[in-house]
Each structure stands twice: as structure tokens, then as C-alpha cells.
Amino acid sequence: TITDYRYTSEPGDYIGSGGRGAFTSANSTISISGTNAYLTVNITNGNERWSVDLAAPRGEKLRPGKHYDAERAAFRTGLAPGLDVSGNGRGCNEVWGQFSIRQISADSTGKVTMLEATFIQHCESARAPALKGTVRFNARPLTYSFTSDAGDWIGGGISKQYFGDTTTFSLQGDDTSVSYSVSGRRDDWNIDIRPPTGQRLQPGTYDTARFAGTSVAGLDVSGNGRGCNASRGRLTIRTITFNTQGTITSLNASFIQRCDGDSAALRGTIRHFA
């Protein structure tokens with residue numbers, strides 16, 4: 001898991017003083033308190049002390065998604081979400097900002113056990129220089145990204161990255177057949193993975209075709225109504241895990257796919273809790 005706090009501050013921002021910082025569980029004490037209605041992350045490293053407050057609109061709970069028009073958390077009005085990032089004795093009287101919850105989990109009492117969030121904060125004025133940051137607590141990687149060459153039929157020649165604030169991810173299957181799907185940012189992607197005939201999926205690098213064979217793994221990346229009739233490529237599985245029932249639980253993999261004999265490639269990376 002990953003626990004860290006990182007920020008960049010524009011020149012003139014009162015809180016960050018135009019600087020930047022990176023604090024990890026290896027060099028800092030990072031703790032979380034509160035609930036999925038109102039939480040606080042505290043970061044301490046020597047003389048450096050930071051605090052990040054995130055709050056749902058009153059009566060609601062924080063959940064994955066983007067939260068706009070945030071006000072200072074303790075003094076938020078109406079249905080505004082709350083944000084308050086302070087550091088080294090400096091804080092805002094008023095906050096204009098937004099934040100995104102990429103991942104969040106809580107126990108039965110509402111105590112937050114895992115968090116991944118990003119924020120943008122303006123102090124005292126909506127036009128003030130910005131403080132931007134990311135905070136993670138016991139978070140595991142959850143993202144899909146791809147780069148598509150010009151002329152690639154599937155990706156359409158663009159690059160994109162998907163996180164849990166905009167996107168839902170599904171990972172299903174076992175060591176003989178994996179299905180991964182991504183839905184978000186006006187896109188729907190599907191990736192089917194099979195081991196070479198007679199084998200089981202495990203870490204390693206495989207040559208691929210659309211359908212698995214004795215010497216190639218099966219790899220079929222499709223989406224938004226586009227798919228390959230045939231393909232060739234390569235798949236690298238760095239991490240893959242299964243539960244005691246044999247169901248897949250995590251995957252860290254990257255791939256290259258070329259459709260129907262084209263030279264243009266689609267390159268992608270899957271990080272699902274690994």
C-alpha cells in the first residue's frame with residue numbers, strides 16, 4: 001500500500017509559499033482521523049506539519065468522484081463540500097477549491113481505512129494562486145492508461161489515463177481467463193487475457209495474438225465499438241494474485257497490441273490493486 005502527501009504551490013500561494021514537497025511513510029508520520037463524512041490527514045516531518053481536511057456536504061458521505069465549489073471544511077454552507085489544507089502554521093480564512101476522491105474505504109463505524117485524493121485550493125479568493133496536491137493513505141494502485149499511435153484503430157491515436165474519481169474498473173476471472181473492463185470519461189474499454197494453450201497465467205512476458213495458441217497468449221483489447229479481427233503483440237504480467245477460490249484479486253500488467261497487420265500500436269498499462 002502507499003501512504004504519502006505531495007504538493008506543489010504556485011508563486012504567491014500563502015500556504016505553500018510557492019514551493020513543493022513530498023512526504024512518504026518512510027520519512028514522515030502520516031495519520032488519518034475522522035470518518036467518511038469529515039476526515040483529516042495529518043503529516044509531520046521534523047518541523048514540517050501539514051493538515052488536510054476533506055468533508056462531504058453536510059448529511060452525506062465521501063465517495064469516489066469529483067467535488068467542486070468546496071468551501072473551508074469547518075465552515076461550509078448549504079450543500080458545499082469542504083476542503084482545508086494548512087501547513088507550518090499557515091491557514092486560510094476562506095477557501096475556494098475542489099477535490100477528487102479516487103478511492104476511499106471505511107469500517108462499519110465510518111472510520112476511514114484507505115484514501116486516495118487530489119485537491120486544488122485557493123486561499124481567500126477564487127483567483128488566488130493555487131495549492132495542488134495528492135494525499136494517499138493505505139492506498140493501492142488503481143488506474144488504467146494507454147497511448148495509441150496515429151492510425152491505431154482501437155485507441156484512435158490518443159493517450160488517456162483513468163482513475164477512480166471518474167471511472168469504474170472490473171477485474172474478473174481466474175488463471176485461465178481474465179476479463180478487465182474500464183468505464184469512464186465517455187469511454188468503455190474491455191481487455192480479455194488468456195494464457196497459451198495448456199498453461200496458466202503467471203508473471204512473465206508473452207507474445208500475443210487475439211486468440212491464444214500453443215506458443216502465444218490471447219490478448220484482445222477493444223472498446224467504444226472498435227475491435228480487431230486479428231492482432232499481434234506482447235503482454236507483460238508483473239504481478240497477478242488469486243484468492244483461495246482461485247478468483248483473480250489483483251493485476252499489474254502492460255501490453256502492446258497491433259491490429260490486423262497494422263504497424264500502429266496500442267500500448268497500455270493495467271494497475272488493479274497491484
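Positions are given from 1 along the sequence. These values consider heavy atoms only, across backbone and side chains, with no hydrogens, waters or symmetry-generated copies.
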Reported [atom1]-to-[atom2] distance for the pair [X] and [Y], which is rounded to 0.5 angstrom:
| X | Y | atom1 | atom2 | value |
| --- | --- | --- | --- | --- |
| Thr8 | Leu131 | OG1 | CG | 7.0 Å |
| Tyr68 | Leu83 | OH | CG | 14.0 Å |
| Leu54 | Leu115 | CG | CG | 6.5 Å |
| Leu235 | Tyr206 | CG | OH | 7.5 Å |
| Asp152 | Arg267 | CG | CZ | 9.5 Å |
| Arg234 | Thr205 | CZ | OG1 | 7.0 Å |

Mind listing the closest non-hydrogen atom pair of [X] and [Y] along with its distance?
| X | Y | value |
| --- | --- | --- |
| Arg232 | Gly261 | NH2-O, 4.5 Å |
| Ala55 | Leu62 | C-CD2, 3.7 Å |
| Asp165 | Ser100 | OD2-CB, 3.2 Å |
| Ala139 | Arg136 | CB-CB, 4.0 Å |
| Pro129 | Gly12 | CG-C, 3.7 Å |
| Ile104 | Asn36 | CD1-CB, 4.4 Å |

Regarding [X] and [Y], is there a side-chain donor-to-acceptor distance under 3.5 Å anywhere?
| X | Y | result |
| --- | --- | --- |
| Thr241 | Ser250 | yes |
| Trp50 | Glu48 | yes |
| Asp4 | Thr24 | no |
| Arg49 | Ser86 | no |
| Asp53 | Thr40 | yes |
| Thr29 | Thr44 | no |

Does anything in residues 101-110 pair up under side chain to side chain donor-acceptor pair (under 3.5 Å), and if so which pairs, sequence neighbours excluded?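 Every side chain to side chain donor-acceptor pair (under 3.5 Å) pair that includes a residue of residues 101-110, provided the two are not neighbours, is Gln103-Glu116, Asp107-Thr109.
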
Going by the rule ring-ring contact (aromatic ring centres under 6.0 Å, His included), which residues pair with Phe146 if we only count those two or more places apart in sequence or in a different chain?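 For Phe146 the ring-ring contact (aromatic ring centres under 6.0 Å, His included) partners, ignoring immediate neighbours, are Trp189.
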
Has [X] got a side-chain atom pairing as donor or acceptor with [Y]'s backbone, closer than 3.5 angstrom?
| X | Y | result |
| --- | --- | --- |
| Ser231 | Cys259 | no |
| Thr143 | Tyr162 | yes |
| Gln172 | Ser179 | no |
| Asp262 | Ala264 | no |
| Arg226 | Ile154 | yes |
| Asn224 | Asp188 | yes |
| Arg63 | Lys61 | yes |
| Asp260 | Asn229 | yes |
| Arg271 | Ala274 | yes |
| Arg58 | Arg76 | yes |

Salt-bridge test for Asp192 and Arg210: reply yes if a basic N is under 4.0 Å from a carboxylate O, no otherwise. no

Taking the side chain as every heavy atom from C-beta outward, state whether [X] and [Y] have any pair of such atoms under 4.5 Å apart.
| X | Y | answer |
| --- | --- | --- |
| Ile30 | Asn42 | no |
| Asn138 | Thr113 | no |
| Met114 | Arg140 | no |
| Asn190 | Val221 | no |
| Lys160 | Arg185 | yes |
| His272 | Leu142 | yes |
| Lys66 | Thr166 | yes |
| Ser148 | Leu266 | yes |

Are [X] and [Y] in one and the same hydrophobic cluster, where Ile, Leu, Val, Met, Phe, Trp and Tyr link if side-chain heavy atoms are under 4.5 Å apart?
| X | Y | result |
| --- | --- | --- |
| Ile240 | Tyr144 | yes |
| Phe99 | Tyr38 | no |
| Val178 | Ile256 | no |
| Leu201 | Leu171 | yes |
| Phe163 | Ile191 | no |

Flag if over 12 foreign heavy atoms under 6.0 Å of CZ, Arg238: yes

Counting neighbours of CD1 on Ile2 that are heavy atoms of other residues, nucleotides or ligands and sit closer than 6.0 Å, is the number greater than 12?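 Count over threshold, so yes.
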
From CA spacing to verdict: side chain to side chain donor-acceptor pair (under 3.5 Å), Gln257, Thr208: CA-CA 8 Å; Gln257 175 180 273; Thr208 64; over 6 Å; no

Can you spot which of Thr77, Asp84, Asn93 makes a side-chain hydrogen bond (donor to acceptor under 3.5 Å, both in side chains) with Arg72?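 Single pass found, and it is Asp84.
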
Determine, stepwise, if the pair Thr247 / Asp174 fulfils side chain to side chain contact (heavy atoms under 4.5 Å, CB included). CA-CA 5 Å; Thr247 301; Asp174 54 28; over 6 Å; no

For the residue pair Phe119 and Tyr5, does the interplanar ring angle fall in the parallel (under 30°), tilted (30 to 60°) or perpendicular (over 60°) class? parallel

Which is it for Lys132 and Glu10 under the side chain to side chain contact (heavy atoms under 4.5 Å, CB included) test, yes or no, and what are the steps along the way? CA-CA 8 Å; Lys132 302 177 182 179; Glu10 294 178 349; 4.1 Å; yes

The test is side chain to side chain contact (heavy atoms under 4.5 Å, CB included); show your working for Ser9 and Ile15 and say whether it passes. CA-CA 8 Å; Ser9 170; Ile15 306 300; over 6 Å; no

